[in-house]
Amino acid sequence: MFLEYDVIVVGAGHAGCEAAAAAANMGSKVLLVTMNMQTIAQMSCNPAMGGIAKGQIVREIDALGGYSGIVSDASMIQFRMLNRSKGPAMWSPRSQNDRMLFALKWRDMLEETPNVDFYQDMVKGLLIKNGKAAGIITGLGHEIKSKTVVLTNGTFLNGVIHIGEKRLGGGRVSEKASEGITEQLVSLGFESDRLKTGTPPRVDGRSLDYSKMEEQKGDETISGFSYLDTPKPKTQRSCWITYTSTEVHDVLKTGFDRSPMYAGRIEGIGPRYCPSIEDKINRFAERDRHQLFVEPEGWTTVEVYVNGFSTSLPEDVQLSAMRKVVGFENVKFFRPGYAIEYDFFPPTQLNYSLETKGVENLFFAGQINGTTGYEEAACQGLMAGINAHLKWRGEKPFILKRSDAYIGVLIDDLISKGTKEPYRMFTSRAEFRTLLRQDNADLRLTEMSYRMGLASQGRMEKVLQKRKEVESIKGVLKTTSLEPSEVNEFFTGINSSPISERQRLEKIILRPNTGLGDLMAQVPKVKEALSEFSEDSLEQAEIQIKYQTYIDKEKELVDRMSQMEDLEIPERFDYQRIVSLGVEAKEKLIKMKPRTLGQASRISGINPADVQILMVYMGR
């Protein structure tokens, strides 16, 4: 009945979809198995993509040839570039999306991808032969063979939903949990644990009074996520901002005695940076109010997502408290908020390719590794799909370093440090964030992906054209000078000192509050000199000139640190024979099996003295 596949992907969330697409586009025969074909790429939580650091990840996925950026652009109802008031290392694209259109576009793209087959069934176990993954066993009893398996089970592994005192089995509301996989993996020697996440009520937008809220419009110019020429919306929908109050908090507190969090029915640790509303008012008792973002779920639906009101309190308490929020006095629920508890596998059990150390040919991606967020899941899926393909072909794994991409930071953090709570990416986690900007992900990553056979010829040609244009623009800026009479009126308008002699454009744009776009709009000579170039290339050239000193410093730091990254530790290195290493250091190194000295240095509990000792024993 079934073919033998090169790669089987279990789960069709954001990680599973990217894994299936990547492996298939590289030439693997892929089977994507999901419990429900109608929920492929469903946005289980808020209908949005990107944000602080997450937007950089989506652009990296796109630069590598993944689909998340294209799908986000095709389904966006609002776009904002966050942190524009800060330096470009902090700029982070974010879109509000049409939930149904997002999933529909993902399914269309997967169905148009050669080599991807679909099957609807629960996966209850793995086929294991000689310690290697060799396929799956489904709920209907089918054994489907494959060379590699990628598990992207999301919140479905022994998932339990909590609403007040109600406790329901499920991986998402109205969807059953997946059972059997955790138990099998534990029997094979894997360590598992529990995490918790939550979601707010969905409400009827017709019952809200938007006149009492603060409107939040999208940017006038939509740059989007994808480096391809994806169509952008002609209009945008607004989001809205309102706040909780002490009155809201008092109502919420009346339900604490029935809260699964405080009654001890939830054992898993929730996300630190996206806590439930009851957790917020408990942890931040000094605050009188908390911000709520009122987000439409699509172009035509009246359904609204109340971002910031995640909760597992009883339904009656949820409704009573929400009706005390300004603008929500007459709110009607579509469904209450809930918490979900699920199994995950501490990611220290993985290699940097996302292949498990315990079972060869088995890869984990997404929330099974302890992460939270669509973007974190999607980039892991992409990397697992790439490496599953490379594995069965006997090729070297594709591994991104911390200096290559936020994706590299995320995977290194997970594997070298592990996580006890849902992991979320922030710009502060990346020590090289001036290099890892959202504007240059294509310049950093597309060529690597193209050489592997994932990024298309068209993508590579766009990158080469961009590089050529950027160098041409920098040449124009170095050779074009402006007379005082041509530019001083512009300087007066921005309260900047006038010039007394001609100055090159390259020097002029180093001034604060002086951008190429403004100069082109107000100084005819600048517009004439640069009119043939694309907006994307102009921005890139300006950033490279303005921040060259900072970029060079980070490159020097990368070069210094790469010396340790390049020092490989032999696979069977015997740490026990190093007498001068402490007991804790030996235990951590034996358990983690770092590939390089750089990775060893980032393991929690390994100090600089331990690294120096290792260097001595390795003859360095």
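All residue numbers refer to positions in the sequence shown, counting from 1.
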When you look at Ser416 and Gln599, which way does the side-chain contact (heavy atoms from CB on, under 4.5 Å) test go after all the steps?
-> CA-CA 7 Å; Ser416 62; Gln599 290 167 10; 5.6 Å; no

Under the side-chain contact (heavy atoms from CB on, under 4.5 Å) rule, what do Leu151 and Leu126 come out as? Steps first, then yes or no, please.
-> CA-CA 10 Å; Leu151 293 184; Leu126 301 169; 4.1 Å; yes

Would you sort out whether Leu185 and Phe364 count as a side-chain contact (heavy atoms from CB on, under 4.5 Å), showing the intermediate values?
-> CA-CA 12 Å; Leu185 290 173; Phe364 290 172; 3.8 Å; yes

So, using side chain to side chain donor-acceptor pair (under 3.5 Å) as the criterion, who are the partners of [X] when residues are at least two apart?
X      : value
His290 : none
Asn440 : Arg444
Thr152 : none
Lys124 : none

I'd like to check [X] versus [Y] (side-chain heavy atoms, cut-off strictly below 4.5 Å). Are they in contact?
X      : Y      : answer
Val463 : Arg459 : no
Leu614 : Ile606 : no
Gln56  : Val409 : no
Lys391 : Glu360 : yes

Report yes or no: do Gln540 and Asp536 form a side-chain donor-acceptor pair below 3.5 Å?
-> no

So, Glu376 versus Asn369: side-chain donor-acceptor pair below 3.5 Å or not?
->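 No, no side-chain donor-acceptor pair sits under 3.5 Å.
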
Is a side-chain N or O of [X] found less than 3.5 angstrom from the main chain of [Y], in a donor-acceptor match?
X      : Y      : value
Thr514 : Pro512 : yes
Tyr352 : Lys401 : no
Tyr5   : Val149 : no

Roughly how far, to the nearest 0.5 Å, is the [atom2] atom of [Y] from the [atom1] atom of [X]?
X      : Y      : atom1 : atom2 : value
Ile545 : Lys507 : CD1   : NZ    : 14.0 Å
Leu362 : Ser146 : CG    : OG    : 9.5 Å
Lys196 : Thr155 : NZ    : OG1   : 13.0 Å
Phe284 : Asp279 : CZ    : CG    : 7.5 Å
Glu506 : Lys546 : CD    : NZ    : 13.0 Å
Met90  : Leu82  : CE    : CG    : 10.5 Å

Given side chain to side chain donor-acceptor pair (under 3.5 Å), test Glu278 with Ser312 step by step and report yes or no.
-> CA-CA 8 Å; Glu278 55 264 41; Ser312 59; 3.3 Å; yes

Could you go step by step and tell me if Thr182 and Asp343 meet the side chain to side chain donor-acceptor pair (under 3.5 Å) rule?
-> CA-CA 7 Å; Thr182 297; Asp343 292 339; 2.9 Å; yes

Going by an N to O cut-off under 4.0 Å, is there a salt bridge joining Glu471 and Arg467?
-> no

With Phe426 via ring-ring contact (aromatic ring centres under 6.0 Å, His included) - residues at least two apart | Tyr273

Sorted by chain and residue number, the ring-ring contact (aromatic ring centres under 6.0 Å, His included) partners of Phe398 (sequence neighbours excluded) come out as none

Can you give me the closest heavy-atom contact between [X] and [Y], atom names plus distance?
X      : Y      : result
Ala430 : Leu436 : CB-CD1, 4.3 Å
Leu445 : Ala63  : CB-CB, 4.2 Å
Pro347 : Gly418 : CG-CA, 4.2 Å
Gly366 : Thr371 : O-OG1, 3.2 Å
Ile613 : Ser580 : CG2-OG, 3.4 Å
Lys586 : Ile578 : CE-O, 3.0 Å

For side-chain contact (heavy atoms from CB on, under 4.5 Å), just list the numbers for Tyr575 and Ile569, CA-CA rounded to whole Å, side-chain angles, deciding distance to a tenth of an Å, and then say yes or no.
-> CA-CA 11 Å; Tyr575 297 103; Ile569 299 173; 3.4 Å; yes

By the salt bridge (Lys or Arg N to Asp or Glu O under 4.0 Å) test, which pairs, at least two apart or in different chains, include something from [range]?
range            : value
residues 590-613 : Asp412-Arg602, Glu565-Arg602
residues 421-442 : Arg272-Glu421, Arg402-Glu431, Arg437-Asp439, Asp442-Lys466
residues 378-389 : none

Assign the ring pair Trp392 / His389 to parallel, tilted or perpendicular, where the plane angle (0 to 90°) is split at 30° and 60°.
->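 Taking His389 first and then Trp392, their aromatic rings stand perpendicular (interplane angle over 60°).
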
Are more than 12 heavy atoms from other residues, nucleotides or ligands located less than 6.0 Å from atom [atom1] of [X]?
X      : atom1 : answer
Glu568 : CD    : no
Asn513 : CG    : no
Arg289 : CZ    : no

Show the numbers, then the answer: is there a ring pair (Phe, Tyr, Trp, His ring centres under 6.0 Å) between Tyr342 and Phe344?
-> CA-CA 7 Å; Tyr342 56 95; Phe344 86 108; 7.5 Å; no

Which residues satisfy the side chain to side chain contact (heavy atoms under 4.5 Å, CB included) test with Ala53, sequence neighbours excluded?
-> Tyr406, Met425, Thr427

Go through the structure and list residues passing side chain to side chain contact (heavy atoms under 4.5 Å, CB included) with Asn351, not counting sequence neighbours.
-> Ser353, Glu355, Lys357

Give every residue pair that meets the side-chain hydrogen bond (donor to acceptor under 3.5 Å, both in side chains) criterion with at least one member in residues 12-22, sequence neighbours excluded.
-> Glu18-Ser68

Which one of Ser223, Pro93, Pro88 satisfies the side-chain contact (heavy atoms from CB on, under 4.5 Å) criterion with Gln438?
-> Pro93

